[in-house]
Amino acid sequence: MHPLDAIWIFFILSSLQPVIEIILHTPGGLVLAASQIAKALRDHDGRVVAVIPHYAMSGGTLIALAADEIVLDRHAALGPVDPQLGQYPAASLDEVSRLPGRHDDQTLILADVGRKAIRQVEVLVTELLERQSGDQARARDLARLLATGVWTHDHPLLPSDLEKLGLPVRIGVPTEERELMDLYRQPRGRQESVEYAASRRMPVRR
């Protein structure tokens, strides 16, 4: 997920009808871009539906948590949103820094940055979930579970898991969205992955 993706999303949000359906298919990307998109969707006046035909991991999950409803296929997945510092999970750096013995300066610095990154993501997820459910304590607990490295970063959270977590999940991606996925190749690396093509307005499914 690239910062330019957020710019496209801001443009799209300014030009669409009150009800938005966003299709997410991404392994994730920069927290900056994902956070900007999630906040823009959160602040949208109308209803937001996130559709996940296959997977929306990491930053993709962060965006999905801003939606009023998350629509997935039965074996589609979201994932944890714990921050990564380069190739290292922030939570693991924190754990290593707390082990007995001496640690080099770089490990201690990375662990400090990692703790800050975890707090920042945890606060954002709490805000998104609290708006969604209205329950601050539950939102805080779920944000801690998703953002603090309880699972490995690539751990798939399937619809059955998401339902147990109390997220607003509906199983069954519509045929049109499935067919749309056939038109796009999976983006590779840290490249822009948002494309926008204006078309006639489609009837809104509720």
Side-chain angles (χ1 to χ4, degrees), residues 1 5 9 19-31 33-35 37-38 41-42 47-84 87-92 117-118 121-122 124-135 137-189 193-194 205-206:
M1 199 166 296
D5 295 340
I9 291 293
V19 179
I20 290 177
E21 179 178 285
I22 181 168
I23 301 173
L24 297 169
H25 180 58
T26 176
L30 297 177
V31 173
S35 298
I37 294 169
L41 292 172
R42 176 199 63 189
R47 177 174 168 78
V48 176
V49 179
V51 179
I52 294 90
H54 303 303
Y55 61 84
M57 305 298 283
S58 190
T61 295
L62 194 61
I63 295 170
L65 294 177
D68 299 293
E69 183 179 40
I70 304 171
V71 180
L72 308 95
D73 267 343
R74 186 166 299 278
H75 297 289
L78 298 183
V81 296
D82 56 306
Q84 311 292 295
Q87 61 182 318
Y88 302 118
S92 297
I118 291 170
V121 172
E122 193 173 347
L124 174 57
V125 174
T126 300
E127 291 173 356
L128 296 175
L129 294 174
E130 186 179 357
R131 174 189 171 279
Q132 192 185 82
S133 68
D135 186 335
R138 178 177 162 277
R140 192 183 301 115
D141 289 343
L142 183 50
R144 187 175 299 115
L145 188 65
L146 292 171
T148 60
V150 172
W151 298 289
T152 59
H153 195 60
D154 62 351
H155 177 67
L157 296 172
L158 301 179
S160 57
D161 303 313
L162 301 172
E163 287 174 337
K164 290 174 185 175
L165 295 175
L167 293 174
V169 171
R170 176 162 61 87
I171 298 173
V173 172
T175 302
E176 294 91 338
E177 282 79 346
R178 289 173 183 271
E179 292 174 348
L180 181 64
M181 293 303 301
D182 293 336
L183 303 178
Y184 295 90
R185 294 180 178 179
Q186 172 63 28
R188 302 178 189 278
S193 57
V194 172
R205 287 185 296 273
R206 297 184 182 276

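Below, all heavy atoms of this structure are taken into account, side chains as well, without hydrogens, waters or symmetry copies.
In this structure, Asp82 and Val121 have side chains that are not in contact, with every pair of non-hydrogen atoms separated by 4.5 Å or more. Annotation: side chain of Val125 is in contact with side chain of Leu62 (closest heavy-atom distance under 4.5 Å). The shortest side-chain heavy-atom distance between Leu167 and Leu129 falls under the 4.5 Å cut-off.
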Side chains of residues 154-165: which donor-acceptor pairs under 3.5 Å do they make with residues two or more places apart or in other chains?
residue: Asp154; atom: OD1; partner: Thr152; partner atom: OG1; Å: 2.9
residue: Asp161; atom: OD2; partner: Leu158; partner atom: N; Å: 2.9

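His75 meets the ring-ring contact (aromatic ring centres under 6.0 Å, His included) test with no other residue; sequence neighbours excluded. Partners of Glu130 by salt bridge (Lys or Arg N to Asp or Glu O under 4.0 Å), not counting sequence neighbours: none found.
Of the charged side-chain nitrogens involved, at least one lies within less than 4.0 Å of a carboxylate oxygen, so that Asp141 and Arg144 count as a salt-bridged pair. With respect to Arg140 and Asp135, no salt bridge is recorded, no charged nitrogen being found less than 4.0 Å from a carboxylate O.
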For this session: Decide side-chain contact (heavy atoms from CB on, under 4.5 Å) for Val173 and Ile23; before the verdict, give the C-alpha distance in whole Å, the side-chain angles of both, and the deciding distance to 0.1 Å.
Result: CA-CA 10 Å; Val173 172; Ile23 301 173; over 6 Å; no
Problem set entry | Intermediate values then yes/no, side-chain contact (heavy atoms from CB on, under 4.5 Å), Leu78 and Leu146 | CA-CA 11 Å; Leu78 298 183; Leu146 292 171; over 6 Å; no
Problem set entry | Candidate pair Asp68 and Arg131, rule side-chain contact (heavy atoms from CB on, under 4.5 Å), full reasoning | CA-CA 9 Å; Asp68 299 293; Arg131 174 189 171 279; 3.7 Å; yes
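Contact detail for Ala91 and Gly149: the closest heavy-atom pair is CB-CA, 3.9 Å.
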